[in-house]
Amino acid sequence: MSEQTAGQDIETLFLEQRRYPPPPEFAKQANAQPDIHTKKLDEFWREEGEKRVSWFSPFDQVYEWEPPYAKWFLGGKLNVCYNCVDRHVEAGRGDKVAFYWEGEPEEERRTLSFADLQAEVVRFANGLKKLGVEKGTPVAIYMGMVPELPVAMLACARLGAPHTVIFGGFSADSLSDRVNDMECEVLVTQNEGWRRGNRVPLKKTSDEAMDRSPSVKQCVVYRRTDGEVDMRDGRDLWWDQLLEDVSDDPDSCPCQEMDSEDLLYLLYTSGTTAKPKGIVHTTGGYLTGVATTHHYVFDVKPDSVYWCAADIGWVTGHSYIVYGPLCNGTTGVVYEGTPDFPDKDRWWAIVERYKVDILYTAPTAIRSHMKWGPEYAKKHDLSSLRVLGTVGEPINPEAWVWYHENIGRGRCPVVDTWWQTETGMIMITPLPGITTLKPGSATKPFPTVDAAVFNEKGESVPPGGGGYLVIREPWPAMLRGIHKDHERYVKTYWSKYPNVYFVGDGARVDEDGDFWLLGRIDDVMNVSGHRISTIEVESALVDHPRVAEAAVCGRADKTTGQAIVAYVTLKGGDEGSPEMLRELRIHVGQRIGKFAAPANIVFTPELPKTRSGKIMRRLLRDVAENRELGDTTTLADSAVVEELAKRGREEAKTEE
Ligand code: PRX
C-alpha cells in the first residue's frame with residue numbers, strides 16, 4: 001500500500017446531480033432487458049457460454065474457484081480463431097465485412113470480409129507453421145494498427161500458439177523485456193508504421209530489441225511503407241516472402257483444439273515495481289466474457305458498424321477490437337492513425353463514411369476533441385451513432401456531457417465502462433436501455449460481478465463513503481495469474497483481503513448503488529489511459545549516468561488525466577540545465593517509450609524523505625499540483641525546491 005493512503009479512507013467526490021434515464025424506444029429494443037440481473041452466477045454464464053461460443057466438446061462444469069485461481073468452463077474444448085472467423089464463414093456470412101480499415105494516409109482503405117479474413121489468417125498460420133510455430137510456441141507481435149495485426153493474433157490462436165502483443169509505442173528495452181519474459185521464439189513486426197504523418201521505425205526498434213532477446217529465432221516483417229530496413233539473413237523474412245507458396249484453404253490448417261484453460265495470450269502491464277507483469281489470459285472463459293459483455297454493453301446488432309478507437313496493443317483492443325466483436329461476428333472499423341491527421345475532424349469523417357453506430361474511446365481523446373472544439377464534429381453527419389462508450393480512466397462530468405451532446409447529439413447512451421487488463425472484460429458499466437446514466441459514474445457492476453467498496457478493515461463502506469474497490473466472486477475473463485510469478489500475483493491482488501480480488505482503485509458507492517471510480521490508490525499513474533508505474537519511470541531516470549536520485553509522481557492534467565512529474569537530483573551537485581532536461585526525457589523515451597517521458601522535470605538538490613528513507617510521494621504530488629506546473633517541462637524553480645525542502649522538514653518533524 002502506498003503511503004498516501006495508509007490508514008485512511010479515500011475522500012469522496014462531489015455529487016454529480018444530472019440524470020439520464022434510458023429513452024423508452026431504446027429500452028424496448030435493447031439487448032439487455034431488466035431480467036438480466038435476476039440470474040445467478042452459474043446459470044448466467046452457463047447460458048452465455050453455450051450461446052456465444054461454439055465448443056468442439058462441451059464444458060461439464062461452469063467454474064471452479066480455488067482462491068486465488070479460478071477455472072472456467074472446465075472440460076470444454078474450443079478454438080478462439082474458429083469462433084472469431086471460420087464459423088461465420090461456415091454459416092454463410094463470409095461476405096459480411098469483418099473490418100473496414102483506414103490507413104493514416106487518407107487514400108489508403110481496405111475492406112476485409114470474414115471470408116477475406118479467414119484466407120489471410122489461414123495463410124499466415126501456414127506461414128508460421130513453416131517457421132516451426134505450433135501449439136504452445138510463444139510469439140511476440142510488435143505492430144501498428146494494420147489488419148495484419150489482428151490477422152497475426154488470430155493465426156496464433158488458430159495454431160494454439162500463445163501471443164504477446166507489444167504496443168508499437170514501446171521502446172526497444174520494453175520490447176525485449178517482454179519478449180524475454182515470455183521467451184518468444186518468433187517476432188512479428190512491420191518495417192514502419194504511420195503516426196501523425198511521421199514514420200515509426202518498428203523494425204529498427206525490433207532489431208535493437210532482438211540484440212538482447214536471444215530466444216527470438218525468426219522475425220517476420222510486414223511491409224507497410226516503402227521505407228528500407230535491414231534484414232538479417234537467416235533470421236528476418238518479409239511477410240509476403242513467407243506466404244509466397246502457402247495455401248489459404250482452411251482445411252490446410254485446421255483450428256487446433258484447445259482446452260478451455262489453455263493460455264491464449266499474455267499482456268504486460270505496469271504494476272508497482274519496475275518490472276511489468278505478464279497477465280495471463282486463457283481461452284474459454286476469456287472469449288465468453290468478452291463476447292457477452294460486448295453484446296450487452298454496446299447493444300450490438302447484426303448490422304452494427306462498431307468502432308473501438310483504442311490501439312490493439314492494449315487490453316481494450318484485444319478484448320473489444322479483436323476477440324469480443326469478432327466472436328460476435330460484428331463489423332468493425334480499424335483506423336491506423338491519430339485523430340488530428342490530416343485535420344481534427346478525421347474521426348468524424350470516419351464515423352460518417354462507414355455509418356458507425358457504436359463508438360468506444362477514452363476520456364483523454366474526448367478531452368482532446370473538446371479542446372479542439374465541437375465545430376469539427378459539426379461538419380459531419382453523425383446521425384448513425386446509437387451508443388457511445390468510454391474506458392481507461394475516470395471521466396470528468398464535463399467531458400461526459402460534451403461527448404453526449406456534441407457527438408451523441410443528446411440521443412445516445414454513454415457507457416462509462418470500468419475494467420482492467422487483469423479483469424479482461426468490462427466489469428462495472430451501464431447497460432444501455434436499462435441504466436439511468438450519471439455523468440462521471442460507471443454505475444453498476446455487470447450482471448454477476450460482485451463488486452464492493454471496502455475500508456482498511458475489509459468491511460463494506462456504507463453508501464456515500466469512499467474506500468477500496470474489490471471483487472468478491474470470480475468472473476470468466478479474470479486473469480489466471482502473472483506469468484512465472486505466483487508470489488507477486490498473490491501479493492498484488494489477494495493479500496490485502498483474504499480471497500477477495502484487490503483492484504488497486506479507489507471508489508465510492510452512492511445511495512443508488514452506483515459506483516464512482518476515484519483513480520489508482522497505488523503507485524500507478526494513468527497518462528492518456530496508459531498505465532505507467534512511478535517506479536518504472538524512476539528506474540529509467542536513475543539509469544542515466546548523471547542522475548543520483550529521482551522521484552516521480554502524477555499530477556492532474558486537463559487533457560491527459562494525469563501527467564508525469566519527475567524530481568531529479570543530479571550527481572556531484574550539478575544544478576541541471578535545459579539540455580539535461582531534454583536528454584532525460586529522451587532517455588526515458590528510450591527506456592520505456594515516448595509516452596512515459598515526464599511532462600515536467602524539477603531538478604532539486606535533495607528529495608524529501610521520511611526518517612526511514614522513504615520518498616514522500618504525496619508531498620511531491622501536492623507540490624506538483626499546488627504549484628500548477630505547466631503543460632511543458634519546467635526547470636528547477638527555486639521556489640519549488642524551497643517548498644519541497646521546507647515541507648519535507650515539517651513532515652519529518654510531524655513524524656517524530
Ligand atoms: O484505474 C482504472 C482505470 O484504468 C485502470 C486499468 O488500466 P489498464 O489495465 O491499462 O486497462 C485500461 C482499459 C481497460 C483501472 O485500474 N480505468 C479503466 N477504466 C476506467 C478506469 N477508471 C475509471 N473509470 C473507468 N471507466
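What's counted below: heavy atoms across the whole structure, side chains too, no hydrogens, waters or symmetry copies. Counting starts at 1 for both ligands and their atoms, following the listed order.
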Peer 1: In terms of side-chain geometry, is the basic nitrogen of Lys275 or Asp177 positioned less than 4.0 Å from the acidic oxygen of its partner?
Peer 2: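 No.
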Peer 1: Atoms of ligand 1 less than 4.0 Å from Trp419 heavy atoms?
Peer 2: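 Those qualifying, in numeric order: 6 (C), 14 (C), 15 (C), 18 (C), 19 (N).
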Peer 1: Looking at ligand 1, does any of its N/O atoms fall within less than 3.5 Å of an N/O of Thr269?
Peer 2: no
Peer 1: If you count heavy atoms of other groups shown closer than 6.0 angstrom to NZ of Lys71, is the number above 12?
Peer 2: no
Peer 1: Determine whether more than 12 heavy atoms belonging to other residues, nucleotides or ligands lie under 6.0 Å from atom NZ of Lys484.
Peer 2: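 For Lys484, atom NZ is crowded (more than 12 foreign heavy atoms under 6.0 Å).
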Peer 1: Which residue owns the protein heavy atom closest to atom 23 (C) of ligand 1, what's the atom, and how far is it?
Peer 2: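 Its nearest protein heavy-atom neighbour is Pro394 N, 3.0 Å.
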Peer 1: Using the ring pair (Phe, Tyr, Trp, His ring centres under 6.0 Å) rule, pick out the option among Tyr265, Tyr323, Tyr268 that qualifies with His281.
Peer 2: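 Between His281 and the candidates, ring pair (Phe, Tyr, Trp, His ring centres under 6.0 Å) is satisfied uniquely by Tyr265.
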Peer 1: Quick check on the 6.0 Å ring-centre criterion: do Tyr501 and Trp475 meet it?
Peer 2: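 Between Trp475 and Tyr501, which both carry aromatic rings, the centre distance is below 6.0 Å.
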Peer 1: Under a plain distance cut-off of 3.5 Å, with no hydrogens placed, do Trp45 and Thr448 share a side-chain donor-acceptor pair?
Peer 2: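 Side-chain D/A pair, Thr448 to Trp45: present.
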Peer 1: Does Arg411 have more than 12 heavy atoms from other residues, nucleotides or ligands lying within 6.0 Å of its CZ?
Peer 2: yes
Peer 1: Which option, Asp505, Ile428, Leu469, Asn526, owns the non-hydrogen atom nearest atom 15 (C) of ligand 1?
Peer 2: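 Comparing heavy atoms across Asp505, Ile428, Leu469, Asn526, the nearest one to atom 15 (C) of ligand 1 lies in Asp505.
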Peer 1: Examine the proximity of ligand 1 to Ala442 and report which part, side chain or backbone, both or neither, has a heavy atom under 4.0 Å away.
Peer 2: neither
Peer 1: Do any nitrogen or oxygen atoms of Thr390 lie less than 3.5 angstrom from nitrogen or oxygen atoms of ligand 1?
Peer 2: no
Peer 1: Evaluate Thr316 for polar contact with ligand 1, using N/O atom pairs at a separation under 3.5 Å.
Peer 2: no
Peer 1: Identify the closest protein heavy atom to atom 25 (C) of ligand 1: which residue and atom is it, and at what distance?
Peer 2: Glu393 O, 3.5 Å
Peer 1: Could you check atom 10 (O) of ligand 1 against the protein and tell me its nearest heavy-atom contact, residue, atom and distance included?
Peer 2: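 Checked against all protein heavy atoms, atom 10 (O) of ligand 1 sits closest to Arg531 CD, 3.5 Å.
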Peer 1: Looking only at distance, does Gly392 have an N or O less than 3.5 Å from an N or O of ligand 1?
Peer 2: yes
Peer 1: Which protein non-hydrogen atom lies closest to atom 9 (O) of ligand 1, naming both residue and atom, and how far is it?
Peer 2: Thr421 OG1, 2.6 Å
Peer 1: Please identify which of these residues, Trp419, Tyr306, Trp307, meets the ring pair (Phe, Tyr, Trp, His ring centres under 6.0 Å) condition with Tyr320.
Peer 2: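 Answer to the ring pair (Phe, Tyr, Trp, His ring centres under 6.0 Å) test with Tyr320 among Trp419, Tyr306, Trp307: Trp419.
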